[in-house]
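A short worksheet on the structure shown next.
In listed order, ligands and their atoms are each counted from 1.
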Amino acid sequence: MALAEVNDKWVWIETNLYEFLICTVKRMLSKRNDYCGNYVLEWCKWLPLKCIVFVWRAEMEKNATGAACIDLNINVEVSNCPFCDYSDETVSHLFCSCMIASTIWLHISRWCKIALFVVSSVRDILELQNLMRLTGLVKNVFHGILIVGCWCLWRARNSLRFENKEVQVEEIIREIKSLGYFELALN
Ligand SMILES: [Zn+2]
């Protein structure tokens, strides 16, 4: 690579143009691209911000699971999944491969009358509405229900971990449905 004897220039990544155009900025903002290579979460307008931020962090594995605490050299009494006590408590286990999570997704697929699905990562969960080629309102609602599902699983996990409250799948399902209906009715 050789350096040329010319002045440096700013170039728009999206268009390779040198000039600033408002329409270029608008196009960049409306695209689901992150020019750093990060995953861009599809927004769900009818859900509370806390749910969106929660799954956004979960996709990056930034939640304080047992495995994450061990990685950060934080002393924790137990790092196994509190639901099954069988596997390390990682984000993918908690929301995808754990029996409790699988059962929740099974109930949701039946409730939403959508084919049974298997997920192996939080990103899979967040992309499911696209993989299933859903469109319009159905896509938006299903996407939101999956996010609410992750949020309610995490709340059940916290209740078990910190309050020793027994986990009941039916109760998690009820919470997902009531929170989903409540937020949809508000928006
Ligand atoms: Zn588990």
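Atom-to-atom distance recorded for Arg123:CZ and Leu128:CG is 14.5 Å, nearest 0.5 angstrom. From Gln129, atom CD reaches atom OG1 of Thr135 across 11.5 Å, with rounding to the nearest 0.5 Å. One distance of note links CD1 of Ile52 with CG of Leu47; it measures 5.0 Å at 0.5 Å rounding.
Relative ring orientation between Phe95 and Phe54 is described as perpendicular, the plane-to-plane angle rising above 60° on a 0-90° scale split at 30° and 60°.
Taking every heavy atom of both residues into account, Ile114 and Met132 meet most closely at CG2-SD, 3.3 Å.
Excluding waters, the set of protein N/O/S atoms under 2.8 Å from the Zn ion (ligand 1) reads Cys81 SG, Cys84 SG, His93 NE2, Cys98 SG.
Each side chain to side chain donor-acceptor pair (under 3.5 Å) pair with one or both residues in residues 153-164, not counting sequence neighbours, appears once here: Glu89-Arg157, Glu89-Arg161, Arg155-Glu175.
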